[in-house]
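Worksheet for the structure shown next.
The chains referred to below are lettered A, B, ... by the order of the sequence lines, with proteins before strands, and numbering in each begins at 1.
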Number of protein chains: 2
Amino acid sequence: MENQQIKEAGLKVTAPRVKILGILENCGKRHMSAEDVYKELISQDEEIGLATVYRVLTQFEGAGLVCRRHFEGGQSVFELNSGEHHDHLVCIKCGKIVEFVDLTIEKRQAKIAADNAFQIEDHSLVVYGICGDCQNKR
Amino acid sequence: MENQQIKEAGLKVTAPRVKILGILENCGKRHMSAEDVYKELISQDEEIGLATVYRVLTQFEGAGLVCRRHFEGGQSVFELNSGEHHDHLVCIKCGKIVEFVDLTIEKRQAKIAADNAFQIEDHSLVVYGICGDCQNKR
DNA sequence: GTAAGAGTGAAAATCTTTCGCATCTTGATC
DNA sequence: GATCAAGATGCGAAAGATTTTCACTCTTAC
Ligand SMILES: [Mn+2]
Ligand SMILES: [Mn+2]
Ligand SMILES: [Zn+2]
Ligand SMILES: [Zn+2]
């Protein structure tokens with residue numbers, strides 16, 4: 001369960017960490033802001049401060065348990081690290097998020113970086129649009 | 001000159017707007033944060049408040065004169081709207097920015113969006129890496 | 001030239017995220 | 001199981017970026 005993953009990440013097993021990891025795993029929402037996690041904790045009557053949520057998420061990120069995303073809209077969004085890199089399609093109306101991987105794009109990026117003598121460290125690709133459901137709602 | 005562009009954008013021609021547009025056009029730095037613009041104004045002994053810089057840049061963005069970018073690092077970065085869309089390669093050591101356009105990537109994005117019934121509105125692709133110069137500096 | 005509506009600077013307010021610190025837990029040890 | 005140092009936590013304050021408010025000034029249409 002969560003305890004094991006936290007231990008393996010080299011972190012002490014504490015109630016906030018177990019709770020937060022549990023929420024990320026079972027809450028149903030794959031992409032959550034710190035605030036989202038905090039509200040979920042509150043709704044479960046957990047007494048965990050927002051600062052702790054940020055601290056824990058940042059530690060989880062450092063330990064490779066979660067990934068932090070910077071979509072438009074101010075807040076960072078966190079998701080469990082699935083192991084494989086992926087990019088995102090985000091609906092600007094309802095916030096729906098679709099994940100995708102495209103080898104062609106990944107390869108082109110590598111080529112572009114190489115052509116410019118850049119050694120790639122990371123990249124962020126987010127496509128914003130209106131999802132099918134939201135298109136029909138007009 | 002600037003006056004014309006501002007008028008055409010449907011904005012009144014005021015000293016702050018003319019000055020700020022002038023800086024974006026002639027300052028030599030293509031990508032500038034609001035703070036960068038503000039400092040440049042200060043160095044030119046202009047008495048323009050940072051709030052006005054933000055206001056004006058946001059208006060310019062709305063009018064299509066500039067584009068706002070959200071690279072990692074907290075601050076938004078602005079650049080003159082060159083008319084053609086492009087993406088960025090950013091050096092995480094020195095901040096150097098290289099612009100690029102890749103039709104293959106653009107097409108793949110369109111296809112991915114279509115496959116998922118999304119109507120694309122916008123997208124952001126930023127590749128972070130270490131530029132040639134910075135690689136040699138180690 | 002004038003008036004009405006826009007725009008401006010400075011300060012205050014927001015919003016998200018991080019810090020400082022007194023207090024509590026965890027996990028290794030006896 | 002009791003002990004204890006290192007590490008965590010909660011809370012409020014602080015920070016950094018951007019926006020809003022407000023009293024005053026400027027632009028523009030007439
Ligand atoms: Mn994802
Ligand atoms: Mn650019
Ligand atoms: Zn939608
Ligand atoms: Zn560099």
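Whole-Å rounding puts the D36(A) CG to dT17(C) C1' distance at 15 Å. One can place CZ of R17(B) at 5 Å from P of dT8(C), the figure rounded to the nearest angstrom. Atom NZ of K19(B) and atom C1' of dG7(C) are 18 Å apart (whole Å). Remark: P of dT17(C) and CD of E72(B) are 13 Å apart, rounded to the nearest angstrom. For F71(B) and dA17(D), the CZ to P distance is 17 Å, given to the nearest whole Å. One interatomic measurement links the two molecules: CG of L50(B) to C1' of dT20(D), which rounds to 14 Å at whole-angstrom precision. Across the protein-nucleic acid pair, I6(B) atom CD1 and dG7(C) atom P stand 12 Å apart, rounded to whole Å.
The residues K19(A) and E2(A) are annotated as not salt-bridged, no charged nitrogen and carboxylate oxygen being separated by less than 4.0 angstrom. Under 4.0 Å is where a charged nitrogen must lie from a carboxylate oxygen, and between K137(B) and D133(B) no such pair does.
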Could you list, one pair per line, each protein nitrogen or oxygen that sits under 3.5 Å from a nitrogen or oxygen of nucleotides 13-16 of chain C, together with the distance?
none

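What you find for M32(B) and K29(B) is that their closest heavy atoms are CG-O, 3.6 Å. The heavy-atom pair separating L11(B) from R17(B) by the smallest distance is CB-NH1, 3.8 Å. Nearest heavy atoms, G129(A) versus F118(B): C-CD2, 4.0 Å. In terms of heavy atoms, G49(A) sits closest to Y38(A) at C-CE1, 3.8 Å.
With 3.5 Å as the limit, one finds no donor-acceptor pair spanning the side chains of H70(A) and Q75(A). In this model, a donor atom of one side chain and an acceptor atom of the other lie less than 3.5 Å apart for R68(A) and T58(A).
Place V77(B) and L11(A) on DNA chain D by their nearest nucleotides, and L11(A) ends up nearer the 5' end.
Looking at E121(B) and Q119(B), their side chains come closer than 4.5 Å, going by heavy atoms from C-beta outward.
Heavy atoms of other residues, nucleotides or ligands lying less than 6.0 angstrom from CD of E8(B) number more than 12.
A heavy atom lying under 4.0 Å from DNA chain C marks the following residues of residues 40-48 of chain B, by number: E47(B), I48(B).
Below 30°, between 30° and 60°, or above 60°: for H31(A) and F71(A) the angle between ring planes is between 30° and 60°, a tilted geometry.
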inquiry  = Each nucleotide in nucleotides 19-26 of chain C should get exactly one letter: B, S or -. Can you fill that in based on protein heavy atoms under 4.0 Å?
reply    = BB-----B
